[in-house]
Trainee: 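Here you go, one structure.
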Amino acid sequence: MANNKMLIKFFIASESIFFVMLILAYINFHGSNVEGPNAVNSLNPLRTGIFSLFLLASSLSVWLAGRSLVTKNHFMMKIWILVTIILGAVFIYGQASEWLGLIAQNITISRNVFGSTFFTLTGFHGFHVCVGLLMLSILLGLAMFGDFKGPKSDGVECVSIYWHFVDGVWIVVYSVIYLWAFL
Amino acid sequence: MEKLGGLFNPSSPEMEAMADLTFYIIAISIGILAIIVVAVTYIIIRYRKNPNDNSEPYQNFGDLRLEIVWTLIPIAIVAVLFQLTCSTMRAVDPPIQDHETDIVIIGHQWWWEIYYPKSGVITANEVHMPVGKNLLLRIESIDVIHDFWVPELARKIDAVPGHPNHMWISASKPGVYLGACSEFCGTQHANMRIRVIAETEDEFNEWQKQEFVIPKTPRAGIAGEGAELFKTKACMNCHTILGTPAAARIGPNLTHLNKRQTIGAGVLTNSTENLTKWLTNPQKYKHGALMPNMKLTQSEVNQLVAYLEALN
Amino acid sequence: MSTRIPIVPENVKPLPALKENEGMLTWVASIDHKQIGIMYIIVSMIYFLIGGLEALLIRTQLAQPENAFLSPEVFNQMFTMHGTTMIFFVVMPLLIGMGVYLVPLMIGARDMAFPRLNALSFWLVVFGGILLYYSFFTQSGASEVGWFAYAPLSEKPFSLNKGPTYWALGLLATGIGSIASGLNNIVTILTLRTAGMTMRRLPLFVWMILVTSFLIIFVFPIIASAFSMMLLDRLLGATFFTPAHGGSAILWQHFFWGFGHPEVYILVLPAFGIISEVIPVFSRKPIYGYEFIAGSTVAIGLLSLGVWAHHMFAVGLGNVANVYFALASMLIAIPTGIKILNWIATMWGGKIWFATPMLFATAFIIEFVIGGLTGVAIASVPIDWVVTDSYFIVAHFHYVLFGGSIFAIFAGVYYWFPKFSGRMLSETIGKWHFWLTVVGFNMTFFIQHFLGVMGMPRRVYTYHDFPYWGSMNMISTIGAFVLAISVIIFMWNVRYSLKHGKKAPDNPWNAWTLEWATTSPPAVHNFDLVPPVRGRRPLWDLAHPDNPDEPNAKIV
Ligand code: HEA
Ligand code: HEA
Ligand code: CUA
Ligand SMILES: [Cu+2]
């Protein structure tokens, strides 16, 4: 049925608005000269950039999983889903350690507007990555039990659309938070 | 007949412009409404179904020309309304340029602090101003959003914390104009009233001069005891009285309280009796106000009242 | 009757619906769109009584100057909960519920595209309402910061009670439910139409639900993110909306109204849809200017996204912004006017049967135009500078919300009740209900225009005894009680007619859309056979083979 894919696409349209608002909140306060921590003096764009590459790569691997589905290569599909999960997990690990590092320096959500907007935006994105990881794991589990013989599966395709979306959001978030600060 | 207030009694050139605009727009609206009502009434009378007639009427699906007509006419009306809007805006809200602020109005939860930057006078809840002059107000807030509204004199504008606003105000004839906070600001939003006292230039200057006088602190009698109490009963943690160490801004400045007409931003008229009531238990008259019930004894209250009234 | 073709092939797969009758269990476990629709309607009616009761308490307190019936805290909770309830738990779920019930029937489908998601939406709304009302039982009661919860008043230092937290959580849950139902509606309408039901033949009610659903999925995320930030502020000490810590009070307003203004069109577009169904049927004519009504709906939907700051003319955004938002707001008068005039043109030349649904629809036109015209008046910035946050605004939005949405909903309930229940509502009681509503409604709210321009701010629990204020408020209060009587009469009508009402035939009003082609009430699977759709009025075409709407249409 085409319904499921249509649903996920409109859902993503709706979700994009959600992120646009969080990003607008970040931009709104970007100009205000806050005391204390801000993007320039507290973030490490290089380190986060490297972890971002893992997330970007995972978009590729999930696409390859989809290709394997079409060619009915069940084994490679499982492998690529697994690779995607690992890459996504590495990204989440990077984000978690970044957060812990900031919190150790007493840069928290309640410190100032930079803290509030930064943690909220990256937090909601991280939450979406985690949801994606959960869904990928379910896919992997189901695939282990023999589901998704191909060449088509709404389940795999929808999760993959969602995963690309999460990835795309990160590109914007990374540019706004990390790159913009150093322009 | 008693006078209707608000837009029915515009008392400044700006408000007259706004009343005119309202009049035009309401007239146009009534015209549009009348056309619709007449059409519907005509339909009700003319096209009511005859219970014995079961035939179907002519099936008419629409007409492009008519649609165009009734798209264009509202566009024209909107153009007129928009033009009226813009010209009135220009009249009511001219640019500030380098005009200096005449009065600063600071909203506090449930009372107004009023400050005259040119003279340094500070008072509360009652704005004195000379008639016939266009004054520039700066509206600020110390806590939540309030809104300064004196319906007969001027537009309203929000007092937004962290975002000072400006507006013009003027009064064409002397008198007392009542207003109120018009943005919901918490428990006692209803009792956050404003009084504008428009007076002649001379009267205004006289008032301002008196506000300047630093009253002598009474040393003896019950007023003297009241002065002591004011320091010991924590009043000075919240209030200012010139010429004493009391200099806090949490509550209204009490230096010239006895020249004000009301207490508690309009909940009580200012009299010895009411001041006594207020000090006995402000919460009874303005439930939720940020001045706690100080649990004073009757004699303490009397002493404080005597003190506050002796300030001159 | 001529040919009937079987239901859309792709949908013949048996749906995971419950069997016809499993007793009480269907009330919790059902995923049948009709059952869920009815449940939406029942729940909203209960909330209507609660919200109305709150309104009566408000009006009782305001009946005379310096009244001491309610304490300020209770009064403030009352109007906050009244506004929130009426908007999010009465009008929205009523309209969504009617949509959920009718859309599949009107497009000739078996159910929504995602029946389980549909049930989830409903239960999220119920859950949100429970969260909201639970706040009354917390330590210092429900939220008392108004239905738009302006920061920083709604923030920690100024609202220490838990009210606003529950308020935001409840609305967040409801909002997610609404997004889900919006998505569901869109996919249903786009994919499950029966053969021949092209977009240009879609009943207008379905069109309006479609546009509304798009608005829902695009604007609820705005408020969901704003609520998230507000909750982070309140629970974790973030500083988005606290100016004292570098946040911005105005940002909240942009977010809230960025959602809030489209929201009011979410509340009225389906109501327009109801009117567009009722008026033609009772005038015995097709809708006049179908394309223009559908097209103007899309125009309203788009315009409504760009006018939010007309709620912020007094904030001090600068006159460039003010002028832009004034113009954009006024422009909405044009597509709305197109609709009004097309409805009147539909009635023109008809043979109108003034049954109760039609009475409400006719009154709707007048009441809504009054509200719309005051809307245009306050879109004129200087007028708004005078009357914003006064009773003039209260009058404006009750005219559009009650005189608009609620009147249309009553029209719809009288119109579809036979389909929902298999019984007719009593016409005699219906007429009483109608006239008392018209009298009570105008008595309550018309006078408030004058109170507003005379200087009465809204959201005040008490007022001084200024000339005429007392008597004008008293009139308004009496009107509210007349309305209360009319609501009780309506409830009585429903109760009475469910038991003793006339049995309803399949098509009691001789209407033309597909929901009338099946039994009243419809079977679980909706249709045995769907008549061919060869025009906008399939049942007209069946009844008038000699004079079909689209003579050249092919049988599919
Ligand atoms: C169903 C809900 C609904 C609808 C449909 C509308 C419709 C409109 N509203 Fe209203 N509005 C509210 C619900 C609604 N509103 C609510 C709830 C609030 C208050 C929120 C709060 O503060 O609590 C509010 C507040 C509100 C304000 C802010 C007031 C303030 O707080 O200061 C403004 C200002 O511009 C406004 C304008 C309009 C306009 C221009 C329309 C237009 O869409 C109206 C268009 C319709 C017509 C004009 C009538 C028909 C047209 C014709 C017959 C054609 C000819 C007419 C002309 C050419 C003029 N509304
Ligand atoms: C669709 C929306 C809607 C509807 C239908 C109504 C309906 C009514 N409203 Fe509402 N109102 C709002 C939306 C709505 N309102 C909003 C958004 C606000 C702004 C809130 C804010 O400022 O934050 C508001 C604010 C508001 C105020 C201003 C409060 C203030 O600013 O201080 C007033 C005052 O008169 C008022 C009155 C009424 C009345 C009398 C009705 C009547 O029409 C109600 C009729 C219904 C009944 C009378 C029910 C009868 C029920 C019984 C008799 C039985 C009860 C029994 C049991 C529960 C078992 N409303
Ligand atoms: Cu201050 Cu309302
Ligand atoms: Cu609006």
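Residue numbers start from 1 in every chain, and the chains themselves are labelled A, B, ... in the order their sequence lines are given, proteins ahead of strands. Atoms considered below: every heavy atom in the structure, side chains included; atoms not considered: hydrogens, waters and symmetry mates.
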Trainee: Between atom CE of C:Met112 and atom CG of A:Asn3, what is the distance when rounded to the nearest 0.5 Å?
Mentor: 11.5 Å
Trainee: Between C:Val219, C:Asp233, C:Leu190, which residue shows the highest count of heavy-atom pairs closer than 4.5 Å to chain A?
Mentor: C:Leu190
Trainee: To the closest 0.5 Å, what do you measure between NZ (A:Lys9) and CD1 (C:Ile186)?
Mentor: 14.0 Å
Trainee: Would you confirm whether the ring centroid of C:Phe220 sits within less than 6.0 angstrom of the ring centroid of A:Phe18?
Mentor: no
Trainee: Is C:Lys162 atom NZ crowded by more than 12 heavy atoms from other residues, nucleotides or ligands, each under 6.0 Å away?
Mentor: no
Trainee: Go through the atoms of C:Leu232 and report whether side chain, backbone, both or neither lie under 4.5 Å from a heavy atom of chain A.
Mentor: side chain
Trainee: Using heavy-atom distances under 4.5 Å, tell me whether C:Ile223 contacts chain A through its side chain, its backbone, both, or neither.
Mentor: neither
Trainee: Might you confirm whether atom CZ of A:Arg67 has over 12 heavy atoms from other residues, nucleotides or ligands at distances under 6.0 Å?
Mentor: no
Trainee: Does atom NE2 of C:His245 have more than 12 heavy-atom neighbours from other groups under 6.0 Å away?
Mentor: no
Trainee: Should we say atom CZ of C:Phe127 is surrounded by more than 12 heavy atoms from elsewhere, each under 6.0 Å from it?
Mentor: no
Trainee: If every non-hydrogen atom of C:Leu236 is compared with every non-hydrogen atom of A:Ser110, which pair is closest and at what distance?
Mentor: O-CB, 3.6 Å
Trainee: Please give me the minimum heavy-atom distance between C:Gly246 and A:Val113, naming the atom from each residue.
Mentor: O-CG1, 3.4 Å
Trainee: Show your reasoning for whether side-chain contact (heavy atoms from CB on, under 4.5 Å) applies to C:Leu117 and A:Leu7.
Mentor: CA-CA 11 Å; C:Leu117 188 65; A:Leu7 180 76; 4.2 Å; yes
Trainee: What are the two closest heavy atoms between A:Phe11 and C:Leu183, and how far apart are they?
Mentor: N-CD2, 3.5 Å
Trainee: For the atom pair OG (C:Ser228) and CZ (A:Phe124), what is the distance rounded to the nearest 0.5 Å?
Mentor: 3.5 Å
Trainee: Roughly how far, to the nearest 0.5 Å, is the CG atom of A:Leu22 from the CE atom of C:Met229?
Mentor: 4.5 Å
Trainee: More than 12 foreign heavy atoms under 6.0 Å from CH2 of A:Trp63: is that the case here?
Mentor: no
Trainee: Quick check on A:Phe19 against chain C: is it the side chain, the backbone, both or neither that has a heavy atom closer than 4.5 Å?
Mentor: neither
Trainee: Using the six-membered ring wherever Trp is involved, compare the ring planes of C:Phe214 and A:Phe10 and label them parallel, tilted or perpendicular (cut-offs 30° and 60°).
Mentor: perpendicular
Trainee: Nearest 0.5 Å please: distance from the CD1 atom of A:Ile12 over to the CD1 atom of C:Ile217.
Mentor: 11.5 Å
Trainee: Any chance you could measure C:Phe240, atom CZ, to A:Asn28, atom CG, to the nearest 0.5 Å?
Mentor: 10.5 Å
Trainee: Quick check on C:Ile179 against chain A: is it the side chain, the backbone, both or neither that has a heavy atom closer than 4.5 Å?
Mentor: side chain
Trainee: Taking side chain as everything from C-beta outward and backbone as N, CA, C, O, which of these in C:Thr242 sits under 4.5 Å from a heavy atom of chain A? Side chain, backbone, both or neither.
Mentor: neither
Trainee: Which residue out of A:Gly115, A:Ala13, A:Ser14 racks up the most heavy-atom pairs below 4.5 Å with chain C?
Mentor: A:Ser14
